[in-house]
Amino acid sequence: MENQDEVLQAWTHQLLEAFEIADIDVDIHAVLNLAGVAAHSIVRPAAPLTTFVAGLAAGLAAGSGQTSEAVAMKAALGLAKQLAGAKAPAAVPAADPAVESPTEK
């Protein structure tokens, strides 16, 4: 039985082959990390949308000759992650157990 990483590698390879771009190296973990940040910072459906837009931006940048594919993907993933992370709700600080609350007196 294949583990999740093997399944994702095989699926990514199949997708790249089908789109005739098998020579491109996709950082699966970076894409999944971006999806996780988008899902938790915005709403769950933002994950596929964010990764799609980042991939599209990377493809356009590389396709127009602005930069290499690797640099374009890294930059697009980084920018999208930064933007999504900035939308994260502020964490509510946990109560300090050393501080007695007024109701505990």
Side-chain angles (χ1 to χ4, degrees):
M1 178 182 239
E2 292 179 299
N3 68 32
Q4 183 172 306
D5 284 342
E6 292 169 332
V7 171
L8 290 172
Q9 287 286 347
W11 174 239
T12 301
H13 179 72
Q14 186 177 353
L15 284 170
L16 294 171
E17 288 276 329
F19 285 105
E20 299 178 358
I21 53 173
D23 59 330
I24 293 177
D25 184 31
V26 175
D27 186 341
I28 294 171
H29 294 287
V31 173
L32 295 176
N33 184 268
L34 170 58
V37 170
H40 296 291
S41 298
I42 304 166
V43 292
R44 286 186 70 155
L49 181 60
T50 304
T51 56
F52 172 80
V53 172
L56 180 60
L60 291 170
S64 69
Q66 292 177 16
T67 189
S68 70
E69 293 161 352
V71 170
M73 282 192 281
K74 185 175 181 177
L77 291 172
L79 177 59
K81 185 176 177 183
Q82 178 185 359
L83 291 170
K87 293 286 190 182
V92 176
D96 186 349
V99 176
E100 187 177 305
S101 74
T103 59
E104 294 177 354
K105 289 184 179 181

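As the structure is a prediction and not an experimental result, all values here were calculated from the model. Keep in mind that the numbers below use all heavy atoms, side chains included, and drop hydrogens, waters and symmetry copies.
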Requested in this report: Indicate, with yes or no, if F52 and I42 share a hydrophobic cluster defined by side-chain heavy-atom contacts under 4.5 Å among Ile, Leu, Val, Met, Phe, Trp and Tyr.
Outcome: no
Report summary line: S64 and A61 have their tightest heavy-atom pair at OG-O, 3.1 Å
Report task. Can you see which heavy atom on T50 is nearest to which on A38, and at what distance? Result -> OG1-CB, 3.5 Å
Report summary line: Heavy-atom closest pair (S41 atom, A88 atom, distance to 0.1 Å) is OG-CB, 3.5 Å
Report summary line: To the nearest 0.5 Å, atom CG of D25 lies from atom OG1 of T12 at 10.5 Å
Report task. Supply the atom-to-atom distance E69 CD to D23 CG, rounded to the nearest 0.5 angstrom. Result -> 6.0 Å
Query raised in the report: Which heavy atom in A47 sits nearest to a heavy atom in A39, and how many Å separate them?
Result: CB-CB, 4.0 Å
Query - Exercise: identify the closest heavy-atom pair between A76 and A54 - result: CB-O, 3.3 Å
Query raised in the report: What's the spacing between H29 NE2 and D5 CG if we round to 0.5 Å?
Result: 4.5 Å
Query raised in the report: Where is the tightest heavy-atom contact between P89 and H40, given as atom of each residue plus distance?
Result: CD-O, 4.3 Å
Query raised in the report: Members other than W11 in its cluster, when Ile, Leu, Val, Met, Phe, Trp, Tyr link by side-chain heavy atoms under 4.5 Å?
Result: L8, L15, L16, F19, I21, I24, V26, I28, V31, L32, L34, M73, L77
